[in-house]
Each structure stands twice: as C-alpha cells, then as structure tokens.
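So the structure is just underneath, and the comments pick up after that.
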Amino acid sequence: MKVITIKNLTKRFGEKIAVDNLSLEVEEGEIFGLLGPNGAGKSTTINILTGLLKSNRGDIEIFGKSFNSNEMNIKRNIGVVPQSLAIYDSLTAVENVKFFAGLFGLNRRELNEAVEYALEFTGLLEHRNSKAKNFSGGMMRRLNIACAIAHKPKLVIMDEPTVGIDPQSRNHILKSVKKLNKEGCTIVYTSHYMEEVEELCNRIVIIDHGKVIAGGTKEQLISLVSDTQSLEVEIDELESIDERSLKDIPGVKNLNIKENSVVINSIREVNNLDKIINYFTSNNVSIRNIGYKKMDLETVFLSLTGRKLRD
Ligand code: ADP
Ligand code: MG
C-alpha cells in the first residue's frame, strides 16, 4: 500500500521555485530517504506534506486519501519531527510530550502511557523532570522526536533530525529510527548526510533545486555510475591542489575535496592511476595513503549534478 503519493508538486516563493514538479511515492513499512543538499527543497516538500504550507500545484495523497478532505484524520496518524526544534524551553520533558500528545485527544491514562513510551524510546526517562532549556543539543533533538511519536503515529516524517548534534545522540537517533520502523511505522527521513541515508533507508530519492534527480534503492542509485571509479588520495596540503590540472588528466570526471583527502572520480575504462600519482609527486605533494574506494551516494550526487552534497 502507498502511504504517500505526491504528484507534480510545485511551490514558488516569489520568483524562487523551491519545489519543481516533484513526484514521489512512499510504500507502507519503508524507511524512505529524501536526500539533497541545503536548499534542495526538502523542508518545503515536508511542510506541504504536513499541511504547514500550501503548494501552488500538485496532488498529495496520504494513506490513500487526499490531504484536504481528511486533514484531521491524517494528522492523527502522522508524527512530524521538524527541522527547527518545536519544544518549549521552560517546560520539562514530560510536560513537553504531554502537551503535544495531548493534542490528539487521548484520555489521562493513555496520555501517561504515551509520555512514558516516548521518553523511554528516546532514552530521556531519567531526565523526565528536567526543563528542556537545560538539555544538550542532542537531548533537545531527542525530545523533539519524543513529542512526535508519543501518539503512536503510523507515519513519521523526520526533517534533518540529527543536524548539529554529538555522535552519541546521533547514534541513538539512528537506532531509534530503525526500531520505530521494526515496530511497523513507515518513516520518511530527510537529510543532507549521505552516510545516514545510506545506513537507514531502503529507498532513496535524491533531489536538487526542487527536482527529483534520481530514485531507487542504494544499489540502483550506485549502478547509475557503474562506469565510474573513485580513487581517494590522502594528503596533508590540500591547499596546494590545483583542481584544474587534476581535472585535465584523461578520464577524470570530477573531484570531491574533503578534509584530509581528495576523491578523484574517473571513467573506469581509462587507466590514469600513474598520471594521477605523477601529478602529486611532480608537485611535491606527499601522498599519505591512496586507494580505490567503494562507490557511495556522495559520488552519485556529484556525478549527476556536478555539485557536492555539502558545500
Ligand atoms: P532544504 O530543506 O532542502 O534545505 P528548503 O525547502 O528549506 O530546502 O528551501 C528550498 C529553497 O526555497 C531554498 O532556496 C530556500 O531559500 C527557499 N525558501 C524556503 N522557504 C522559503 C520562504 N519562506 N521564503 C522564501 N524562500 C524560501
Ligand atoms: Mg531543510
């Protein structure tokens, strides 16, 4: 069964087209990934999907019904984790979850159970009576999730739930997304972190400038660049790299300059390893490590758009 069907969705802000004729479908039971760089139109799509924004054009069905005619019933079965935190600083963890779960008309016993469930799920039970303003960034993100899942929605939509948090909270969140899904919840997971989407999602749609660039399983997406191989060269002096000359080496398609390395994507059939090594040695740049790496979605994105996921 389709949980979400979006057809030809378009949203403009003045002259700016934030979402451009976008179509996608989410199946029941999936962890569906929406991957794209900042400004790609992910949040705008989510905000339209959850009724916060009106589109200029397009049709949306959730649980097989049009959003407009069934708004209340649909909202009861959706949990939304917004990109900007939606929690009250001066309230405790319990009070926050109670407030949001209370919007769905649970009775007192159900409400107490819901709060217990959500705080336990997000690992916040021991902080239940602390005010949100005393929480770390990661704990706030987890509370944001607790508020969205307490009423046991069938569909949870998460917009960049791990931005700017410590690795421990991040791992906790990734684990709870998987667990939520195992319990039968369909999940839409929005992120510009390729690693997270690769780890979590069984199906991924890559968007850029409001448009769908490609979609499928990770394997299907990677097969789009099966003619490409990635060579990662670790060096110390990244400043000394002249991108132009590297790109001029025969077979080189594009480069991804990272913190401690440069990833050089080349046409598989062209053997340019010696020319690449020669570039570094003749410029007196010492290579710390070099090797072909497994293809990832970062490279898929770069190959399809010519741009990096993270700038
Ligand atoms: P993402 O979530 O993928 O980072 P957004 O959906 O937030 O992207 O934004 C898509 C584009 O629409 C961006 O260029 C952004 O600047 C623009 N945009 C988003 N919201 C507004 C708004 N309320 N008014 C004007 N422009 C907006
Ligand atoms: Mg966003």
Side-chain angles (χ1 to χ4, degrees), residues 4-26 30-60 62 67 78-87 137-138 140-145 147-148 155-165 169-170 173-174 177 187-201 203-216 218 221 256 296-311:
I4 300 174
T5 308
I6 299 180
K7 278 194 194 133
N8 308 110
L9 189 70
T10 296
K11 175 69 185 175
R12 285 185 213 91
F13 294 107
E15 292 286 284
K16 170 97 209 168
I17 300 187
V19 179
D20 191 357
N21 202 31
L22 179 138
S23 300
L24 58 83
E25 289 178 341
V26 178
E30 285 196 297
I31 305 183
F32 178 89
L34 197 56
L35 177 70
N38 284 328
K42 303 181 298 295
S43 293
T44 305
T45 303
I46 300 298
N47 291 341
I48 295 170
L49 203 55
T50 53
L52 284 175
L53 272 177
K54 287 260 173 285
S55 66
N56 296 105
R57 201 166 74 87
D59 296 311
I60 294 179
I62 302 185
F67 193 85
I78 302 186
V80 184
V81 182
Q83 179 170 358
S84 37
L85 293 170
I87 51 178
M140 287 191 192
R141 285 271 156 207
R142 277 145 63 186
L143 182 56
N144 207 34
I145 294 175
C147 292
L155 167 65
V156 171
I157 300 175
M158 301 181 149
D159 194 359
E160 308 246 14
T162 59
V163 160
I165 63 173
S169 281
R170 183 194 202 89
I173 289 177
L174 296 187
V177 171
I187 294 177
V188 174
Y189 192 92
T190 293
S191 180
H192 68 283
Y193 295 122
M194 172 274 304
E195 302 87 345
E196 289 182 1
V197 170
E198 276 195 359
E199 182 184 334
L200 285 176
C201 303
R203 226 155 47 81
I204 300 151
V205 157
I206 300 181
I207 70 169
D208 191 28
H209 297 305
K211 287 196 178 77
V212 172
I213 302 294
K218 181 185 160 192
L221 288 169
N256 188 358
D296 59 26
L297 293 181
E298 177 95 57
T299 306
V300 174
F301 185 82
L302 189 64
S303 297
L304 296 178
T305 67
R307 302 197 305 123
K308 285 169 65 161
L309 261 172
R310 267 173 276 177
D311 289 317

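Order of appearance sets the numbers: ligands from 1, and atoms from 1 within every ligand. Remember, it's a predicted structure, so these values are computed and weren't measured experimentally.
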Does one side chain, of T299 or D296, offer a donor that lies under 3.5 Å from an acceptor on the other?
yes
What does the 4.0 Å heavy-atom contact list look like for ligand 1?
F13, K16, A18, P37, N38, G39, A40, G41, K42, S43, T44
What are the protein N/O/S atoms, named by residue and atom, that sit under 2.8 Å from the Mg ion (ligand 2)?
S43 OG, Q83 OE1
Under 3.5 Å donor-acceptor, D208 side chain and A40 backbone
no
Taking C-beta and beyond as the side chain, do L53 and F13 meet within less than 4.5 Å on heavy atoms?
yes
Output all residues satisfying side-chain contact (heavy atoms from CB on, under 4.5 Å) with M140, sequence neighbours left out; order by chain, then residue number.
L85, I87, F135
For residues A214 and L221, report the shortest heavy-atom separation together with the two atoms involved.
CB-CD2, 3.6 Å
Please confirm whether the backbone N or O of L297 pairs with a side-chain atom of E198, one donor and one acceptor, at under 3.5 Å?
yes
Sequence neighbours excluded and cut-off under 3.5 Å, please list the side-chain donor-acceptor pairs for residues 15-26, or say none.
residue, atom, partner, partner atom, Å
D20, OD2, K211, NZ, 2.9
N21, OD1, N8, ND2, 3.0
N21, OD1, R57, NH2, 3.0
S23, OG, N8, N, 2.9

Could you tell me if the side chain of E160 sits less than 4.5 Å from the side chain of N38, heavy atoms only?
yes
Check whether any side-chain N or O of K308 sits under 3.5 Å from a backbone N or O of L302 as a donor-acceptor pair, and report yes or no.
no
